[in-house]
Each structure stands twice: as structure tokens, then as C-alpha cells.
Novice: 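If you scroll down you'll find the structure; I have some questions about it.
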Amino acid sequence: MKRIMVTGALGQIGCDLVAKLRKIYGEEAVLATDIRQIDHEIVQSGYFRILDVTDSTAFYEVAREHRADTIIHLAALLSAKAESDPALAWHLNISGLLSGLETARALSCQYFTPSSIAAFGANTPKNSTPQDTLQRPLTMYGVSKVAGELLCDYYYHKYGVDTRGLRFPGLISHSAPPGGGTTDYAVEMYEAAIRNGNYTSYINKETYLDMMYMPDAIDAVIALMEADSSKLKHRNAFNVTAMSIDPEKIAESIRRHIPEFTLHYDIDPVRQAIAEEWPDSIDATAAREEWGFDVQYDLNRMTDDMLSKLKGKLQAEHSRIG
Ligand SMILES: NC(=O)c1ccc[n+]([C@@H]2O[C@H](COP(=O)([O-])OP(=O)(O)OC[C@H]3O[C@@H](n4cnc5c(N)ncnc54)[C@H](O)[C@@H]3O)[C@@H](O)[C@H]2O)c1
């Protein structure tokens, strides 16, 4: 990877991914794009362009001008937001993906886009969910992710585009806010623990979901993109995960640092229904075997890092205000 273009780069994944890619491949090699511009380090520290990914002509032109050989397509509407505007979700998640795939085909780019554990459905085996299994999701986000996995397979088989992808679980991070997914509660819980010592969860206890800490997710993207193409049997939708947890497990982990932390519940029926459709724990054997997927962070290690980074962030905020 030498000339990389990232879409949706100001989102939860993009902010961390662009920073890491620039460290590895050089600042000039990585073009960050998004439909909006905000005052953020990645806008100031390297190339940035405004791009609406549903504009296929603009997508192609921006990639051509950057001389991109790799496209990392992140722009999408996430699960909870997608349920409130399914037509927009289909348009952004599918038209945007197609614009990217067509550009990758025209410019012979390597192509990465994430799928999600939302691509499974209520009839999928809930535990140790296999890599290849039944996928009949009932959410628009899930429908668009299954269609996306298939489209990426199609562009590989039909046109030889080097498409690759991961089925991400809920991702936990501290540098950019999550963008309207069902697992956002996990991120909110850490911040609330530091700010107020309590949190009210919209997801019920004993709702187990796969999660992963952002540094592991970023390393997984880079490892997959660097992997030997001939070893990949499942190119576009590798199951990856680091832990299967519910709100109580996160609370227990937080209490090792903040013993007075309390957790309450006020269930959001929409997001609870989405969470119940998803697996409790997925099986990442194919990713381990085909390209050496591995993680550094379990729950407690992630909690230690999250709390320490968020404390530093909040102290910096206070000293700016003070
Ligand atoms: N964050 C997670 O926990 C998670 C889990 C599974 C899969 N994913 C997938 O990873 C990808 C990135 O997720 P994220 O969490 O960074 O999302 P996010 O919502 O935080 O960021 C999405 C970005 O896309 C931008 N965007 C929206 N519409 C656009 C358009 N028309 N053109 C260009 N940019 C547009 C937004 O401004 C935003 O910066 C998505 O495909 C998502 O489905 C994320």
C-alpha cells in the first residue's frame, strides 16, 4: 500500500485508522475524505478532501487525482441510524460502495470495506457463529452489509478487483465518538464512569455481543491488506473479535478502577431488538488461519487503557476551559 484513499475518514474508525496509516506509509501517501469537515488532527496533518461517496464521478476523480492504488471505504450509515432512515441507509451503504468498487475497477486499486456482525440474523447460530453460515438479517443495516459482502465477492470474481473485508464487532475507542451504532453504549459507559460515576444503559444485562478495542481493529485492517492474496479464501467478510461481553461485564471491569461506579438500565426497544438479532460470540478461526489475525486487548486491558486515555482527555478539556 502506497497511495491510500480513505472515505468516511472523520468517523470513529477513520480518525484512528488514518493516523496509523500516515505513521506507517507517510503523511503524503494517505488522502482522508469525508462529506463533512471538522477541526481534527487528521484534517490538519495531511491531505484532506470533501467527498460525497454517492457521487460516483467525484469518487473516481478524487481517487485518480491522488493516484490511489488502495481505497479504504468506510463511509456508511450505522445500525441504529439506519433503522431510523432505511432508504438513506440503502442509498449510502450500497450506492457509495458501488461508486468505490467501480473506481477500484477503473484504477486497479486494492479495496477494503468493513462488514459487521449485523450481517447475521436471528436464525444464525448465536454462539461460535461460523465464518460461513445462514445470513438473513431483518435490519436495513444488516441487509446492506450482506449485499455489500456479496458485491465485493462479485467484483473480485467478475473483474479481479482485490477486494478484502472484515466483519467488525462493536468497536470501542476514545479518540472519535461512535457514529450511531448499537454498541455505542460501551464507549459511553467508560466516559460516564469518569464524568459522573454512573451510567444508564439502553442495552439490557445479559445481552452478550462481540467487541474489540480500536487499536486491534486498526491492526487487523492493515494485516489483512498486507496479507498474501493467494492465501485468502474468504476475502470480504472475515469474522474478527476480541471478546464477548454484556454491560455488567464492562461495569465489573470499570469497578476495578472506580469501585463506586453504578449501572442502571432504561432499555431502548429499537436498539435492544437489533442487539438480540446479533450473535453472542463469533468464531474468528478463518481470519487466524488465512492471515494470522490476533488481538492484544482483552476486556481488562482495554478498560485500563480506555480509562487512562479518557482521564487525560477530560483533564486537558478542563484545563482549556479553566
Ligand atoms: N464502529 C463500529 O463499531 C463498526 C462495527 C462494525 C462495522 N463498522 C463499519 O465500519 C465503517 C465505518 O464505521 P464508523 O464507526 O467509522 O462510522 P461513523 O458513523 O463513525 O463514520 C462514518 C463517516 O462517514 C461519513 N459520511 C456519511 N455520509 C457520507 C457520504 N455520503 N459521503 C462520504 N462520507 C460520508 C460521516 O461524516 C462519518 O464521518 C462502516 O462501514 C461501518 O458499518 C463499524
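Both ligands and their constituent atoms are indexed starting at 1 by order of listing.
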Novice: How does Thr113 reach ligand 1, if at all, at less than 4.0 Å between non-hydrogen atoms: by side chain, backbone, both, or neither?
Specialist: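 Answer for Thr113: neither.
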
Novice: I'd like to know if Lys20 pairs up with Asp219 as an ion pair, taking the criterion as any Lys NZ or Arg NE/NH1/NH2 lying under 4.0 Å from an Asp or Glu carboxylate oxygen.
Specialist: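 Yes, charged N to carboxylate O under 4.0 Å.
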
Novice: Below 3.5 angstrom, do we get any N/O pair linking Gly11 and ligand 1?
Specialist: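 Among all N and O atoms of Gly11, at least one is under 3.5 Å from an N or O of ligand 1.
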
Novice: Give yes if a backbone or side-chain nitrogen or oxygen of Phe168 is under 3.5 Å from a nitrogen or oxygen of ligand 1, and no if not.
Specialist: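 No - when backbone and side-chain N and O of Phe168 are compared with those of ligand 1, no distance drops under 3.5 Å.
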
Novice: In terms of relative ring orientation, are Phe238 and His234 parallel, tilted or perpendicular, with 30° and 60° separating the classes?
Specialist: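 Perpendicular.
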
Novice: Measure the acute angle between the ring planes of Trp278 and Tyr141, then classify it against the limits of 30° and 60° as parallel, tilted or perpendicular.
Specialist: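 Plane angle between 30° and 60°, so tilted.
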
Novice: Should Arg164 and Asp162 count as an ion pair when the cut-off is N to O under 4.0 Å?
Specialist: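 Asp162 and Arg164: salt-bridged.
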
Novice: Give the residue and atom name of whichever protein heavy atom lies nearest to atom 22 (C) of ligand 1, and the separation in Å to one decimal.
Specialist: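 Sorting protein heavy atoms by distance from atom 22 (C) of ligand 1 puts Ala76 O, 4.0 Å first.
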
Novice: Among Gly14, Pro169, Gly148, Cys15, which one has a heavy atom closest to atom 5 (C) of ligand 1?
Specialist: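 Looking at heavy atoms only, Pro169 sits closest to atom 5 (C) of ligand 1.
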
Novice: Regarding Glu188 and Tyr199, is there a side-chain donor-to-acceptor distance under 3.5 Å anywhere?
Specialist: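 Their side chains do contain a donor-acceptor pair, which is all the 3.5 Å distance test asks for.
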
Novice: Tell me, which protein residue and heavy-atom name are nearest atom 19 (O) of ligand 1, and how many Å apart are they?
Specialist: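 Residue, atom and distance for the closest contact: Gly179 CA, 3.5 Å.
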
Novice: To which protein heavy atom is atom 20 (O) of ligand 1 closest, and what is the distance rounded to 0.1 Å?
Specialist: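 That would be Gln12 N, 2.8 Å.
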
Novice: Could you tell me the residue and atom name of the protein heavy atom closest to atom 28 (N) of ligand 1, and the distance to it rounded to 0.1 Å?
Specialist: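 Minimum-distance protein heavy atom for atom 28 (N) of ligand 1 reads Leu92 CD2, 3.5 Å.
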
Novice: Would you indicate which of Gly181, Gly8, Ser115 comes nearest to atom 7 (C) of ligand 1 when only heavy atoms are counted?
Specialist: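 Answer by nearest heavy atom: Ser115.
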
Novice: Starting from atom 26 (N) of ligand 1, which protein heavy atom do you reach first, and at what distance in Å?
Specialist: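 Scanning the protein heavy atoms, the shortest distance from atom 26 (N) of ligand 1 goes to Ile35 CG2, 3.8 Å.
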
Novice: So, is Lys145 polar-close to ligand 1, with some N/O to N/O distance under 3.5 Å?
Specialist: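 Yes.
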
Novice: I want to confirm something. Looking only at heavy atoms, which of Leu10, Asp210, Leu51 is nearest to atom 33 (C) of ligand 1?
Specialist: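 Among Leu10, Asp210, Leu51, the closest heavy atom to atom 33 (C) of ligand 1 belongs to Leu51.
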
Novice: Would you check whether Ser79 reaches within less than 4.0 Å of ligand 1, judged by its heavy atoms?
Specialist: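 No, Ser79 has no heavy atom closer than 4.0 Å to ligand 1.
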
Novice: For atom 10 (O) of ligand 1, state which one of Ile38, Thr183, Ile13 supplies the nearest heavy atom.
Specialist: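 Nearest option to atom 10 (O) of ligand 1, by heavy atoms: Ile13.
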
Novice: Do any nitrogen or oxygen atoms of Leu171 lie less than 3.5 angstrom from nitrogen or oxygen atoms of ligand 1?
Specialist: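 There is such a contact, yes.
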
Novice: Quick one: do the Ser175 and Asp16 side chains pair a donor with an acceptor below 3.5 Å?
Specialist: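 There is such a pair (donor and acceptor under 3.5 Å, judged by atom type) between the side chains of Ser175 and Asp16.
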
Novice: When you compare ligand 1 with Pro178, is there at least one nitrogen or oxygen pair between them that comes in under 3.5 angstrom?
Specialist: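 No, no N or O pair falls under 3.5 Å.
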
Novice: For atom 40 (C) of ligand 1, which candidate among Leu74, Asn93, Asp34 provides the closest heavy atom?
Specialist: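 Closest candidate by heavy-atom distance is Leu74.
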
Novice: With heavy atoms under 4.0 Å as the rule, classify the contact between Thr33 and ligand 1 as side chain, backbone, both or neither.
Specialist: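 It is neither part, as no heavy atom is under 4.0 Å.
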
Novice: Start with the C-alpha distance between Asn93 and Leu97, add both sets of side-chain angles, then the distance that settles side-chain contact (heavy atoms from CB on, under 4.5 Å), and finish with yes or no.
Specialist: CA-CA 6 Å; Asn93 296 5; Leu97 181 67; over 6 Å; no

Novice: Quick check: Tyr141 and ligand 1, any N/O pair under 3.5 Å apart?
Specialist: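 Right, the criterion is met.
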
Novice: Provide, to 0.1 Å, the distance between atom 32 (N) of ligand 1 and the closest protein heavy atom, together with that atom's residue and name.
Specialist: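 Of the protein heavy atoms, Val53 N, 3.0 Å lies nearest.
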
Novice: Can a donor-acceptor pair be found between the side chains of His174 and Asp305 at a distance below 3.5 Å?
Specialist: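 Per modelled atom types, His174 and Asp305 side chains form no pair under 3.5 Å.
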
Novice: Nearest heavy atom to atom 31 (N) of ligand 1: which of Asp52, Val221, Leu97 does it belong to?
Specialist: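 Minimum heavy-atom distance to atom 31 (N) of ligand 1 goes to Asp52.
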
Novice: Do Ser253 and Thr303 pair up side chain to side chain, a donor and an acceptor below 3.5 Å, judged on atom types alone?
Specialist: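 The criterion, which ignores hydrogens and geometry beyond distance, is satisfied for Thr303 and Ser253.
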
Novice: Taking only Lys NZ, Arg NE, NH1 and NH2, and the carboxylate oxygens of Asp or Glu, determine whether Glu61 and Arg64 approach each other closer than 4.0 Å.
Specialist: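 Salt bridge: yes.
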
Novice: Should Glu149 and Arg167 count as an ion pair when the cut-off is N to O under 4.0 Å?
Specialist: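 A salt bridge links Glu149 with Arg167.
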
Novice: Which is closest to atom 15 (O) of ligand 1 in terms of heavy atoms, Thr182, Thr7, Thr54, Leu78?
Specialist: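 That would be Leu78.
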
Novice: Do any N/O atoms on Arg36 end up under 3.5 angstrom from N/O atoms on ligand 1?
Specialist: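 By distance alone, the answer is yes.
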
